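Encoded as structure tokens, the structure appears first; notes follow it.
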Amino acid sequence: MIRISNLYFEFPAQEGSAVQVLDGIDLTIADGESVALMGPNGSGKTTLARCLNGLLQPTGGEVLVDGLNSSRADDLNEIRRRVGMVFQNPENQIVSTTVEREIAFGLENLGIEHDEMHRIVDEMLRKFGLECYRTHAPHLLSGGEMQRLALAAVMAMSPKYIVFDEPTSFLDAASRKAVFPMIRKVNKENNVATLFITQSPEETLHFGRLLILHRGKIVRDGVPSEIFADVAAMQKIGLNVPAEYEVNFYLQKFSDGKLSLNPSDFLPIL
Ligand SMILES: Nc1ncnc2c1ncn2[C@@H]1O[C@H](COP(=O)(O)OP(=O)(O)O)[C@@H](O)[C@H]1O
Ligand SMILES: [Mg+2]
């Protein structure tokens, strides 16, 4: 279980005052849970993701991963192994010259012995449909394949949790769609808890629980359909809801007589 208590994170001042990015977050993510996180640009999503796997240490409060404390230097390696990260742009994450070496990279660093490493690499190539690219240079893969490779390399380390930081934002529509069955598979088959960060309200509907981050605070935590039912609250913090919720919202307003037939009233949904 990941347990975050009263988490504050502040970037040191460059000029002027320091920037308080995370503002007293309390959050628990259970083993095997599948959670989405949405918030406006600059609300602190990436900073929270980085705090979860110890890339950043809290300036207040604490982050515990299965009891390991990210503020303790001795716990950091194990936290980073348990909490895998898949970033927005897989190109920034990929470090090796071939697909198979990329998957082996983290295992080599852990000192996993040779035969076991090969077994895991083969398993990941198969599982993520990358066998035919085994000796290919990663940068020649398509965006969707590269994202699959990033996930395969993370999964090779047997993480208990994976944070996906807007992994779909550089993908075309077809590759985007393919991401969700893959995440569901690692969630269901390997019981990996997933935190999926996105700007797309539609994408959050793939997850059982949705968190809304606004100015460094979690302002909503619940079932996506219930959160999106409150369209006005979401609009207030500058977030869209999935199209069907928005259409319902305006139809309801119309039937309540609160909306005239002025076409400009419908502009938000056109
Ligand atoms: N290295 C940094 N130094 C100072 N401020 C930063 C740094 N990284 C991010 N920030 C600021 O922290 C805030 C939150 O950033 P971030 O976590 O990346 O938000 P999000 O991922 O939700 O867009 C933003 O206001 C951003 O400008
Ligand atoms: Mg971000």
Side-chain angles (χ1 to χ4, degrees), residues 2 4-27 29 34-63 65 70-71 76 79-80 83-94 143-144 146-147 150-151 154 159 161-171 175-176 179-180 183 193-207 209-222 224 227-228 233-242:
I2 295 182
I4 298 174
S5 342
N6 205 22
L7 170 64
Y8 285 83
F9 185 83
E10 183 179 288
F11 284 107
Q14 305 276 346
E15 288 164 23
S17 55
V19 191
Q20 185 75 56
V21 179
L22 300 177
D23 194 7
I25 291 183
D26 289 301
L27 175 67
I29 297 175
S34 101
V35 185
L37 172 70
M38 190 166 90
N41 271 333
S43 56
K45 303 181 296 296
T46 296
T47 306
L48 176 59
R50 288 173 180 270
C51 284
L52 282 174
N53 90 332
L55 280 170
L56 294 173
Q57 271 83 48
T59 47
E62 63 182 11
V63 176
V65 175
S70 77
S71 301
L76 280 180
I79 288 178
R80 287 178 190 156
V83 186
M85 298 274 281
V86 175
F87 297 100
Q88 192 168 34
N89 185 352
E91 280 183 64
N92 295 343
Q93 175 157 24
I94 287 168
M146 234 188 269
Q147 205 53 283
L151 180 55
V154 165
Y161 314 91
I162 300 182
V163 181
F164 296 85
D165 191 2
E166 300 194 41
T168 51
S169 51
F170 289 159
L171 300 181
S175 311
R176 264 175 194 231
V179 163
F180 299 99
I183 293 179
T194 51
L195 181 66
F196 185 87
I197 301 175
T198 180
Q199 301 265 7
S200 155
E202 277 80 11
E203 289 182 356
T204 69
L205 299 175
H206 292 278
F207 299 85
R209 179 180 171 199
L210 171 61
L211 309 169
I212 304 288
L213 190 66
H214 181 57
R215 296 190 179 148
K217 292 184 197 296
I218 304 249
V219 294
R220 288 280 189 291
D221 177 355
I227 291 175
F228 290 135
M234 295 296 280
Q235 285 178 342
K236 217 168 150 187
I237 59 173
L239 289 173
N240 289 325
V241 300

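Scope of the values below: all heavy atoms of this structure, side chains included, with no hydrogens, waters or symmetry mates. Note that the structure is a prediction, hence the values are computed from the model and not measured. Counting starts at 1 for both ligands and their atoms, in listed order.
Looking only at atom types and distance, the side chain of N240 has no donor-acceptor partner in the side chain of Q199 under 3.5 Å away.
When side chains are defined from C-beta on, F164 does not count as touching V179, because their heavy atoms never get closer than 4.5 Å. Looking at heavy atoms from C-beta onward, Y161 lies out of side-chain contact with L195 at the 4.5 angstrom threshold. In this structure the side chain of T168 reaches within 4.5 angstrom of the side chain of F196, judged on heavy atoms. Counting heavy atoms from C-beta on, the side chains of L52 and I4 come closer than 4.5 Å.
Atom CD of E91 has 12 or fewer neighbouring heavy atoms from other residues, nucleotides or ligands inside a 6.0 Å radius.
Between R209 and I29 the shortest heavy-atom distance is NH1-CA, 4.4 Å. In plain terms, the two heavy atoms of N53 and R80 that are nearest each other are O-CG, 3.1 Å.
Checked options K45, R176, E166, E203; the residue passing with T198 is E203 (criterion: side-chain hydrogen bond (donor to acceptor under 3.5 Å, both in side chains)).
Near ligand 1, residues F11, V21, P40, N41, G42, S43, G44, K45, T46, T47 come within 4.0 angstrom through at least one heavy atom.
Take a cut-off of 2.8 Å around the Mg ion (ligand 2): the protein N, O or S atoms inside it are T46 OG1.
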